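Below: one structure, written as structure tokens.
Given the structure is predicted, the values throughout are model-derived calculations rather than measurements. Just so you know, residue 1 is the first one in the sequence shown, and it goes up from there.
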Amino acid sequence: MMNMWLIIMMMFIFGNMIFISKHKHLLIVLLSLEFIVLSLFFLLVVYLSYIEYNMYMLMIFLLFSVCEGALGLSILVSMIRTHGNDYFQSFNML
């Protein structure tokens with residue numbers, strides 16, 4: 001059980017490190033955010049199964065994470081269509 005907590009915490013830390021260090025491409029930022037959400041999902045699964053609680057909250061969490069992924073993908077497609085790439089430096093953020 002302790003190994004599972006350690007793996008989940010390492011996943012969360014690595015996802016945050018990638019999110020902080022790779023800020024040039026939107027696709028890599030979105031993938032690191034999805035990795036963080038996946039680690040939080042595993043954390044909820046382990047925690048809720050440990051306290052023997054029902055798993056209805058996990059379905060709501062998955063619903064919001066899928067909506068977040070779809071929204072990020074639509075922003076990525078819109079950005080590539082207007083600017084031609086997913087670099088943050090290629091357009092003005094104002």
Run the side-chain donor-acceptor check on residues 53-73: report pairs under 3.5 Å with partners two or more places apart or on a different chain.
| from | atom 1 | to | atom 2 | distance (Å) |
| --- | --- | --- | --- | --- |
| S65 | OG | F61 | O | 3.3 |
| S65 | OG | L62 | O | 2.9 |

- Same cluster or not: are L27 and M79 linked, directly or through other Ile, Leu, Val, Met, Phe, Trp or Tyr residues, by side-chain heavy atoms under 4.5 angstrom apart? yes
Counting only pairs under 3.5 Å, give me each side-chain donor-acceptor contact of residues 32-40, with atom names and distances, residues two or more places apart or in other chains.
| from | atom 1 | to | atom 2 | distance (Å) |
| --- | --- | --- | --- | --- |
| S32 | OG | I28 | O | 3.4 |
| S32 | OG | V29 | O | 2.8 |
| S39 | OG | I36 | O | 2.7 |

- Are L44 and I51 linked, directly or through other ILVMFWY residues, by side chains that come within less than 4.5 angstrom of each other? yes
- Query: Linking I/L/V/M/F/W/Y whenever their side-chain heavy atoms sit closer than 4.5 Å, directly or via other members, would F12 and Y50 fall into one cluster?
  - Reply: yes
- Value for CG (L30) from CD1 (I75), rounded to nearest 0.5 Å, stands at 7.5 Å
- Taking the side chain as every heavy atom from C-beta outward, state whether W5 and Y47 have any pair of such atoms under 4.5 Å apart. yes
- Where the side chain of T82 meets the backbone of S78, is there a donor-acceptor pair that is under 3.5 Å apart? yes
- Task: Output the distance between atom CG (L31) and atom CG (L26), rounded to the nearest 0.5 Å.
- Result: 9.5 Å
- Item | By side chain to side chain contact (heavy atoms under 4.5 Å, CB included) - contacts of M17 (at least two apart) | I13, F14
- Item | Path from M11 to L48 over hydrophobic side-chain contacts below 4.5 Å | yes
